[in-house]
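Some notes on the structure that comes next.
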Amino acid sequence: MIKNQPVHINKWLLPFSWLYRLIVFIRNKFFDWGILKHEEFDIPVICIGNVTVGGTGKTPHTEYLVRLLQQKYRVGVLSRGYKRKSKGFVLATNDSDSRDLGDESFQIKQKFPNAIVAVDGNRRRGIKEMLALENPPEVILLDDAFQHRYVKPSYTIILSDFNRPVYEDELLPAGRLREPASALVNANMIIVTKCPDDMQPIDYRIISHDINAFPYQGLYFTQFTYKQLQPVFKDSAVEQPLDILKGKHILLTTGIASPKMILKKLEEYTDKVDTIIYPDHYSFKAKDIQHIINKFAGIPSENKIILVTEKDATRLVLNENTDEEIKRHMYYLPIEVTFLDKEDDFKEKIYKHVRENSGNRRLYKK
């Protein structure tokens with residue numbers, strides 16, 4: 001059986017968490033009573049969200065759904081575009097970058113150029129703008145929209161980090177919950193993400209018991225698969241296999257919620273890892289680039305590499321302060337979602353939902 005580290009709770013902040021719980025309760029009741037209005041749409045709208053702050057893997061799971069659905073449907077992806085420089089509704093084009101879309105939406109557009117990717121803090125307006133396009137999406141994925149109750153999705157997927165079980169956590173600010181763990185009842189599917197390779201049958205049983213999903217809910221377990229190294233600067237380097245990391249001295253530079261998983265992965269290849277850790281969605285400045293350059297130059301080895309995450313790469317590639325020498329050594333590590341079990345069941349339920357709700361699109365256009 002796998003033993004997780006205990007979930008850290010700031011107990012002295014619990015009184016503020018109780019106040020936060022009251023605010024969340026009142027807000028949700030206002031929606032339930034119709035005082036605050038939500039809007040439904042006559043096409044499949046699938047929400048991918050969570051009940052916590054921090055990274056549970058929403059973007060990789062959204063990418064999984066794009067990859068799955070675009071085989072049969074015209075797919076749209078809508079998010080708020082966190083930390084973008086633009087305002088209002090923005091539709092991604094071939095000329096868009098992370099300043100226009102935010103790093104996650106830009107990353108999705110780069111990977112899936114045929115997807116209709118847009119950002120808007122007002123999700124209702126964003127969906128309407130997307131549906132008004134000449135070739136509108138046939139299904140819309142809402143990235144990180146579980147708390148955005150002004151839109152009522154047709155299907156909801158909630159992600160829960162294996163390493164920080166929601167049933168052991170507390171509401172903000174004592175813990176990292178944005179909603180009580182009881183909010184899982186509102187999901188059509190619950191996915192436990194970031195699962196380790198050595199999951200045992202007893203681990204599945206314990207987590208399934210603790211989450212206590214209803215019969216109508218699907219419960220799934222996923223992990224991340226790391227793909228081949230990609231150069232941050234395409235004109236300065238080429239794709240490399242993961243095996244080149246063996247024995248290398250790595251300078252890991254990240255601006256993500258939690259670098260623990262990538263650090264654990266790197267342990268499989270080398271014990272020489274230095275780190276520069278920035279906050280999530282960090283915008284790299286000239287002084288940060290110089291710090292990276294200086295620290296990399298100070299590594300006493302010729303067999304070295306700078307490694308960043310895929311999300312960081314979308315911001316670093318725009319930075320004009322990176323010199324040519326560093327560009328040759330800077331790579332990112334792409335990830336994809338892998339299901340540990342019941343993947344066919346997951347796919348069939350998603351396809352079934354979209355199939356059964358897609359017929360309404362003709363009526364909506366009329």
Side-chain angles (χ1 to χ4, degrees), residues 24 27-34 36-52 56-66 68-70 72-82 89 104-105 108 115-133 136-160 166 178-180 182-191 193 213-214 216-220 337 346-361 363-364:
V24 170
R27 179 180 184 269
N28 286 335
K29 281 300 179 184
F30 278 7
F31 278 105
D32 295 340
W33 294 334
L36 295 176
K37 305 293 184 182
H38 63 243
E39 189 167 353
E40 297 182 67
F41 294 87
D42 289 325
I43 67 163
V45 177
I46 301 175
C47 169
I48 304 100
N50 59 18
V51 295
T52 63
T56 54
K58 292 184 296 295
T59 300
H61 284 80
T62 301
E63 291 175 355
Y64 178 96
L65 286 167
V66 176
L68 174 68
L69 290 169
Q70 72 175 4
K72 298 184 178 182
Y73 301 97
R74 193 161 52 250
V75 180
V77 181
L78 178 65
S79 72
R80 62 173 171 158
Y82 185 63
F89 176 82
E104 291 155 337
S105 296
I108 292 172
I116 303 167
V117 178
V119 293
D120 198 337
N122 184 327
R123 308 297 169 85
R124 285 188 298 192
R125 179 180 62 196
I127 292 175
K128 291 174 181 176
E129 292 279 1
M130 295 177 81
L131 295 180
L133 296 171
E138 297 168 310
V139 53
I140 292 177
L141 305 176
L142 292 181
D143 185 14
D144 194 16
F146 182 62
Q147 283 71 36
H148 192 92
R149 291 197 58 184
Y150 291 99
V151 170
K152 185 174 182 181
S154 61
Y155 209 75
T156 299
I157 300 171
I158 294 182
L159 310 181
S160 174
V166 295
R178 294 193 280 184
E179 304 240 7
S182 58
L184 293 177
V185 71
N186 297 313
N188 299 95
M189 290 178 172
I190 301 166
I191 301 179
T193 68
F214 285 93
Y216 63 84
Q217 295 175 305
L219 178 61
Y220 304 91
V337 167
F346 175 87
K347 290 179 177 179
E348 177 52 36
K349 285 181 178 176
I350 294 294
Y351 275 138
K352 180 181 179 183
H353 173 75
V354 176
R355 185 170 61 246
E356 291 179 349
N357 289 271
S358 291
N360 294 329
R361 175 62 189 150
L363 298 175
Y364 187 83

Note, [X] side chain near [Y] side chain (heavy atom, < 4.5 Å):
X    : Y    : answer
V166 : N50  : no
V139 : L65  : no
M189 : I350 : yes
T156 : N186 : no
V354 : Y155 : no
M130 : I116 : yes
F146 : K58  : no
E63  : I108 : yes

Considering non-hydrogen atoms only, spot the tightest contact between [X] and [Y] and give its length.
X    : Y    : value
I190 : A213 : CD1-CB, 4.4 Å
E179 : V24  : OE1-CG1, 4.0 Å
L131 : P136 : O-CB, 3.6 Å
L142 : A145 : CB-CB, 3.7 Å
I43  : S154 : O-OG, 4.3 Å
R125 : F89  : NH2-N, 4.2 Å

About how many Å separate [atom2] of [Y] and [atom1] of [X], when rounded to the nearest 0.5 Å?
X    : Y    : atom1 : atom2 : result
L68  : F346 : CG    : CZ    : 7.0 Å
T193 : I158 : OG1   : CD1   : 12.5 Å
I157 : Q217 : CD1   : CD    : 12.0 Å
L78  : I140 : CG    : CD1   : 7.0 Å
N188 : H353 : CG    : NE2   : 7.5 Å
D144 : C47  : CG    : SG    : 8.0 Å

message = Under a plain distance cut-off of 3.5 Å, with no hydrogens placed, do S79 and S105 share a side-chain donor-acceptor pair?
response =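 Yes - a donor-acceptor pair under 3.5 Å links their side chains.
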
inquiry  = Main chain of V51, side chain of R178: is a donor-acceptor contact present, judged purely on distance under 3.5 Å?
reply    =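 Pair absent, no side-chain N/O of R178 close to backbone of V51.
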
ask   = Just by distance, do the side chain of E138 and the backbone of S358 share a donor-acceptor pair under 3.5 Å?
value =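 The answer is no, because no donor-acceptor pair under 3.5 Å joins these two groups.
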
request  = Taking only Lys NZ, Arg NE, NH1 and NH2, and the carboxylate oxygens of Asp or Glu, determine whether R123 and E39 approach each other closer than 4.0 Å.
outcome  =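 Judged by the 4.0 Å cut-off on N to carboxylate O distance, R123 and E39 do not form a salt bridge.
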
request  = Could you go through the side-chain contact (heavy atoms from CB on, under 4.5 Å) check for H61 and L159 one step at a time?
outcome  = CA-CA 9 Å; H61 284 80; L159 310 181; 3.9 Å; yes

Parallel, tilted or perpendicular: ring planes of F214 versus Y216, cut at 30 and 60 degrees =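 It falls in the parallel class, under 30°.
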
message = Classify the ring geometry of Y73 against Y351: parallel below 30°, tilted from 30° to 60°, perpendicular beyond 60°.
response =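 Because their plane-to-plane angle lies in the 30° to 60° range, the rings of Y73 and Y351 count as tilted.
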
message = Given D32, which partner from the list R149, R27, K37 fulfils the salt bridge (Lys or Arg N to Asp or Glu O under 4.0 Å) test?
response =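 Testing each of R149, R27, K37 against D32, the sole residue satisfying salt bridge (Lys or Arg N to Asp or Glu O under 4.0 Å) is R149.
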
Candidate pair E104 and R80, rule salt bridge (Lys or Arg N to Asp or Glu O under 4.0 Å), full reasoning = CA-CA 10 Å; E104 291 155 337; R80 62 173 171 158; over 6 Å; no

